[in-house]
J.: 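Mind looking over this structure? Questions follow.
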There are 4 protein chains.
Amino acid sequence: MRNTFGNVLTVTLFGESHGPETGCVLDGLPAGFAVDEELLQADMAKRQGLPELSTARREADEVRIVSGLYNGRTTGTPLTILIANRNVRRGDYEELADKPRPSHADYTQFVRYEGYADRSGGGHFSARLTAPLTAAGSLLKQMLAAQGIRVGTHVLSLGDLSDRRFDALAPEISELSGKNPPVLDDAVMAEMKAAVAAAKAAGDSLGGTLETAVCGLPAGVGEPFFDTVEGHLAKAMFAIPGVKGIAFGAGFDFAGMKGSTANDPFVNIDGAIRTETNHSGGINGGLTNGMPVLFRTVYRPTPSIARPQKTITLSDGTETTLTIQGRHDPAVVLRAAVIQDAMTCLVIGDLLASLYGVNWLEKINR
Amino acid sequence: MRNTFGNVLTVTLFGESHGPETGCVLDGLPAGFAVDEELLQADMAKRQGLPELSTARREADEVRIVSGLYNGRTTGTPLTILIANRNVRRGDYEELADKPRPSHADYTQFVRYEGYADRSGGGHFSARLTAPLTAAGSLLKQMLAAQGIRVGTHVLSLGDLSDRRFDALAPEISELSGKNPPVLDDAVMAEMKAAVAAAKAAGDSLGGTLETAVCGLPAGVGEPFFDTVEGHLAKAMFAIPGVKGIAFGAGFDFAGMKGSTANDPFVNIDGAIRTETNHSGGINGGLTNGMPVLFRTVYRPTPSIARPQKTITLSDGTETTLTIQGRHDPAVVLRAAVIQDAMTCLVIGDLLASLYGVNWLEKINR
Amino acid sequence: MRNTFGNVLTVTLFGESHGPETGCVLDGLPAGFAVDEELLQADMAKRQGLPELSTARREADEVRIVSGLYNGRTTGTPLTILIANRNVRRGDYEELADKPRPSHADYTQFVRYEGYADRSGGGHFSARLTAPLTAAGSLLKQMLAAQGIRVGTHVLSLGDLSDRRFDALAPEISELSGKNPPVLDDAVMAEMKAAVAAAKAAGDSLGGTLETAVCGLPAGVGEPFFDTVEGHLAKAMFAIPGVKGIAFGAGFDFAGMKGSTANDPFVNIDGAIRTETNHSGGINGGLTNGMPVLFRTVYRPTPSIARPQKTITLSDGTETTLTIQGRHDPAVVLRAAVIQDAMTCLVIGDLLASLYGVNWLEKINR
Amino acid sequence: MRNTFGNVLTVTLFGESHGPETGCVLDGLPAGFAVDEELLQADMAKRQGLPELSTARREADEVRIVSGLYNGRTTGTPLTILIANRNVRRGDYEELADKPRPSHADYTQFVRYEGYADRSGGGHFSARLTAPLTAAGSLLKQMLAAQGIRVGTHVLSLGDLSDRRFDALAPEISELSGKNPPVLDDAVMAEMKAAVAAAKAAGDSLGGTLETAVCGLPAGVGEPFFDTVEGHLAKAMFAIPGVKGIAFGAGFDFAGMKGSTANDPFVNIDGAIRTETNHSGGINGGLTNGMPVLFRTVYRPTPSIARPQKTITLSDGTETTLTIQGRHDPAVVLRAAVIQDAMTCLVIGDLLASLYGVNWLEKINR
């Protein structure tokens, strides 16, 4: 379905980095939910990151909802989000039209769209498109919160700096409230800020990892094989520019574990069926088991760096050198937590709607 | 779509571990392709693994194609694969009906299907269902090979034993031919066999990782955001029981890299646009860039172990102990390479069909 | 999605007229429903029609459910129906390989599948494929009946003979019980039988119309624009070989009506909101309004007739003559009511599941 | 998928009658097509109908394309169409909030969206939403025309007035050029205008039928059973408010025909395989046969009439009377031809893209 995803709750994404409007259409929403537009706007601000640590491009990112909202409540018909691009500078990208930036989507979209794509600033492939996704996911986050389902993401690592892991049985989502970037350990947060400033000064960029937790999901959500919770979340995370890997629960550590230690024994806690450990990251056989869902993603270092790089000329294939002039971000991972939360909420909303129906909000099985 | 996946080339999966038939329906195939049924059957044998290292359950796994094949060629209408279950022993699972096996899908499917699922041997969630998937993917592997697209997977690690990595610019797929389990380094293969035998003797199980390469894909395949090549492959890999993580190219190593070293410079090699390194794993912006596609997956240790484990009783919630009596596999990762190849081929076939149309076989853009 | 239809409740269809097995996979079913397999088999018998009035090909049409059913109840995982072809006579169709039958799918599938389709007896396009669809729909009919939703179809016309119309406010579905062919007026039924016998004797065939009613649906089912109840039912009816038109409520009579007489005024009947007339056929704006859903379909005369017909030779394009030797049916419309019921039930089940979730059975809003 | 339709070429529709913006997102378009925006705008004018014969609401209907178009050509990424609502008068509809208009979608959407829909002027169910659909289809019409595929629709009947039928072998599409309303026979056109004026004066409305032809399609387009050309076109036509029936080729006349006269014999005309008659409407077995595709639709009389009507009060269920004050259209069928063309073009584009791939424009098989 290309730029539409979801089975029952769907998102259709559109726009280009330097076109007039970016946006998305959210369909399959329950009717009657009162949307807090200030909370949406607050998430848009989080996505912009700290001015001193991210791109020099500043956008108001004003979210306009032009359909599907009436008297402040969702109508149940398609809800359309528009976010205008105001700080547009196509001129910055003229040299790039013929010189693809290494590890960007310039070359691949040149081939895919037979040379006709608007590639200024990455065009439709730009991280700019995560703005409407963030707004859409933020709306879902409100719906989930109303049902006691909380989603949170922190910067688990940046370069060689690491935050502490979430407690797998009781992730500390609430500790992240108000933090930007969201890091559990304040000392690590300070070191991360310093590392980004250093990378920026060196004209370079840094990679990192994010860890997300979803608490409060009922057991039995998801499907076997092709529609696993892992599969849906993974597909959605790879929609975020820069993500190159994802792992659930113990993740790649499972490779060195034995079944006798990796398995999560069932226990009865106050009448509820729970597991004693949570190596499975809350998912067995592709379905939630009632424990917190936990996963980590890895973000490559931003491909836009201020140093000269080898590339080729598309028009004649000759090798050449490129120095990217545009505005860029030395560590997208610091801004990505709110985007990762948003994509997670969209997936969870779709999974719940697929199971409980369009008006899933009050029908969740507990 | 639950048990159907794919956009243009679709697979619908059905069956239970101890039911009469497992199978799948492949739709959207190009017409006129001559299928080598012996090659299909050979992949079924690979999936069974080595008798001394895997489950004691032996099945003939005879692949019957009951529609969509005429005079040895695909007709273009739905191709249906049936594989009968012959070695059925529902009695082995009676105790399990009320005692969910830790880290299996017993509890989650009990909740999801309100107690009505046939859970013998995992039921519909059993790795037994990878038999028809392997047959379907094996058929696609033949189609891709006819277009010069080769797919190969090796056991990259088992417990603390590691094979060497694929050469990211020229993966050694052909070296794997005839090896079972597929390991590039023969000495490591021998050690892996010994490690599995030891785990089996100890009533325990081992995890590991697989690495897959796809060579010969044209550039420009895939879509941005929701239908990335990474996203599609990830969603498909999580369909394989036991997979808990996936990473492309440099994967989680990106977290510690800088943009200046992580980026893949473009070069002109004999008139073709290539990259000097392949940290991106052949994918930029979600689309293929013409380099080999490379990814790794992690498999958790088989949850079925011969040791006593803590669990609860579903009927009354009391804590109890369980010792699994059935037949099991101490290291599914050794058998999974052919399954991972199969799922990869199904995804690649769908991506090509989505781009080039139903009769993509001879229309691939080079 | 080609041979899969439905959004939440999906059906995947496979098989050829003279291949070993036809069948379908039903996915997205609620778990725990007790299936009456005798009722399924009874509907298979109805589909065969009366021996003296239909094709000479007789099949046992034994329905085998090989997955998704456990202890007589749906498991919620894919339910697979297989129906073997036993009375296979490929030899009957040898002449046809090069001479497409007029108004059959021979020529169109020759082009679509580039000559590789198995076209014996229509191959995958054969009305034989309505056997598994009938079984699948019959299962849904049981589920709907358990919720008070009844579906019924009668032969409204055959050639120039007409049954009386359903009462639009209270369709007489129960009067059809046990009738084969289902005709409200017994005298008309007798005339229809005689007309078919005459057509058969003349080596010719007859067209006709069917009328279907769905009673007991709640209001508010369906979606605007692309997923209207009319649109879904229409798409499903055109899946039945021979259907060339469909109309809801007053249908084509609307063309000559005025708004003042066509509109259905709302009334309060014993506290329920109903309409005084039902020209709308139970649907407004694409959604059910709580009144009976009513529609009529038209079936072309069976294209297989025993008379010589003009055609061309595919191999060289020359004009030639063809006399069809195979077994055929002079009036498929007499056998089609149970198929039309089945397709209707599959659509209604999917619409309910799309709205109320997978376990819609007990969640229907009244 | 609710407000998204299409398999490869998709349309996502949004907006409400009295909200700020209506629009749609077209995805899966081929890249590089030069769009003539003046032609789009000309189709928007046709959709408005003649001022003296249609609604008093006048909108500029300026089409803004805010993504997916660059230097006048499609980029291949999502193309978004916005059409602002300027002549908004929510006050006209206050009485209607509690009194559903007979045969409108007021009551059904009240139930479906649990009272939260913005129902002013029909809200999301309004024919106003056909404005963006017309623009989207008009773009596809340009693409199809460039491949020699022409689509045309005329008013076949209005009340008891009838235009002549299209010649089934060579529909006179070009004769409709510049006509508004499009009627083949000029004398009939004049009579139709007079009939609408009379209906308007009487505070009443008229129904009618449209006939559409698609010429130049290759044979072999479409799929059997669930994705027939008939099924796709039907589902799309029922998306147009007021459509209650559709029939292909001889349509409901088939009921009275015999196979010997209904069948279309194959002939060789100048080396091309054609049929001597075209009762099948260009479709056999759900696939195109290379002849013109022909179908007719019926439109109910506009439910909005100026006379008092019986209805109920939603809040307390009491019976009452309603006189609709808003602006309305006495014969939507006169304005609907351009909408029906548009929906047809969207379906044909999707069918071609599903078969030939995303860049189908130059790959159509002839």
Side-chain angles (χ1 to χ4, degrees), chain C residues 2 5 13 102-103 105 108 111-112 124-125 157 160 204-205 207-209 219-220 223-228 230-231 234-235 238-239 244-245 247-248 251-252 254-260 262-266 268 273 280 284-285 287 289 298 300-303 305 307 309-312 317 319, chain D residues 2 5 13 102-103 105 108 111-112 124-125 157 160 204-205 207-209 219-220 223-228 230-231 234-235 238-239 244-245 247-248 251-252 254-260 262-266 268 273 280 284-285 287 289 298 300-303 305 307 309-312 317 319:
Chain C
R2 301 199 156 74
F5 97 99
L13 182 67
S103 295
T108 56
V111 176
R112 168 71 179 78
H124 178 63
F125 288 65
S157 76
D160 53 7
D204 215 334
S205 62
T209 58
E223 301 286 336
F225 295 100
F226 309 139
D227 278 334
T228 61
E230 290 116 324
K235 188 154 171 280
F238 286 113
K244 293 298 277 188
F248 291 82
F252 277 86
F254 274 127
M257 295 171 83
K258 292 187 172 162
S260 53
N263 285 355
D264 298 308
F266 286 105
N268 181 325
I273 296 176
S280 300
N284 291 129
L287 279 62
N289 65 11
V298 61
R300 64 180 304 153
T302 325
I305 55 175
R307 301 179 178 193
Q309 297 184 80
K310 286 169 64 176
T311 188
I312 47 87
E319 299 187 352
Chain D
R2 304 199 153 75
F5 96 99
L13 182 67
S103 295
T108 56
V111 177
R112 168 71 178 78
H124 179 63
F125 287 65
S157 77
D160 53 8
D204 215 333
S205 62
T209 59
E223 303 286 335
F225 295 100
F226 309 138
D227 278 335
T228 62
E230 290 116 327
K235 188 154 171 279
F238 285 113
K244 292 299 277 189
F248 292 82
F252 277 85
F254 273 126
M257 295 170 84
K258 293 189 171 160
S260 54
N263 284 356
D264 300 306
F266 286 105
N268 180 326
I273 296 176
S280 299
N284 292 130
L287 279 60
N289 64 12
V298 61
R300 66 180 304 154
T302 324
I305 54 175
R307 300 178 178 193
Q309 297 183 81
K310 286 170 64 175
T311 187
I312 45 88
E319 299 188 352

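Reckoned from all heavy atoms, side chains included, excluding hydrogens, waters and symmetry mates. Quick note on labels: first sequence line is chain A, next is B, and so on, each numbered from 1. It should be emphasised that the depicted structure is a prediction, and the values quoted were computed from it without experimental measurement.
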J.: Hey, is the main chain of S103(C) close enough, under 3.5 Å, to the side chain of N263(D) for a donor-acceptor pair?
T.: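 No; zero donor-acceptor contacts below 3.5 Å.
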J.: Do you know which of G251(C), G207(C), A255(C), G220(C) has the most heavy-atom pairs under 4.5 Å to chain D?
T.: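 Highest number of pairs under 4.5 Å: A255(C).
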J.: Do any N or O atoms from the side chain of E319(C) and from the backbone of N268(D) form a donor-acceptor pair under 3.5 angstrom?
T.: yes
J.: Using modelled atom types only, decide if a donor and an acceptor are shared between the side chain of T228(D) and the backbone of A239(C) within a distance under 3.5 Å.
T.: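 No.
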J.: With chain C as the partner, which of P303(D), S157(D), G285(D), P301(D) has the greatest number of non-hydrogen pairs under 4.5 Å?
T.: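 Of the candidates given, the most pairs with chain C belong to P301(D).
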J.: Ring pair (Phe, Tyr, Trp, His ring centres under 6.0 Å) with F125(D): which residues, sequence neighbours excluded?
T.: none
J.: Do the side chain of K235(C) and the main chain of D227(D) share a donor and acceptor less than 3.5 angstrom apart?
T.: no
J.: Output the option from I273(C), N289(C), T209(C) having the highest count of non-hydrogen pairs under 4.5 Å with chain D.
T.: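 Most pairs with chain D among the choices: I273(C).
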J.: If I measure from the heavy atoms of chain C, does D160(D) come under 4.5 Å with its side chain, its backbone, both, or neither?
T.: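 For D160(D), there is no contact with chain C at all, as no heavy atom is under 4.5 Å.
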J.: Among the options P102(D), G256(D), A234(D), G317(D), pick out the one with the most heavy-atom pairs lying under 4.5 Å from chain C.
T.: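 With the most close heavy-atom pairs to chain C, the winner is P102(D).
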J.: Got P265(C) and Q309(D) here, is their nearest side-chain heavy-atom distance under 4.5 Å?
T.: no
J.: With a 4.5 angstrom heavy-atom cut-off, which part of R300(C) approaches chain D: side chain, backbone, both or neither?
T.: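 Interface part for R300(C): both.
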J.: In terms of ring plane angle, is the pair F226(D) and F5(C) parallel, tilted or perpendicular, where the classes change at 30° and 60°?
T.: tilted
J.: Side chains of N284(C) and T108(D): any donor to acceptor distance under 3.5 Å?
T.: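 No - no donor-acceptor pair under 3.5 Å links their side chains.
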J.: Could you tell me which portion of E230(C) (side chain, backbone, both or neither) has an atom closer than 4.5 angstrom to a non-hydrogen atom of chain D?
T.: both
J.: Any sub-3.5 Å donor-acceptor pair from K244(D)'s side-chain atoms to S280(C)'s backbone N or O?
T.: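 Yes, the answer is positive, given that a donor and an acceptor are paired below the 3.5 Å cut-off.
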J.: Taking only residues two or more places apart in sequence, or in another chain, which ones meet R112(C) in a side-chain hydrogen bond (donor to acceptor under 3.5 Å, both in side chains)?
T.: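 Partners of R112(C) by the side-chain hydrogen bond (donor to acceptor under 3.5 Å, both in side chains) criterion, ordered by chain and then number, come out as E223(D).
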J.: With a 4.5 angstrom heavy-atom cut-off, could you sort out which part of I305(C) is near chain D: side chain, backbone, both or neither?
T.: side chain
J.: What distance separates D204(D) CG from S260(C) OG, expressed to the nearest 0.5 Å?
T.: 3.5 Å
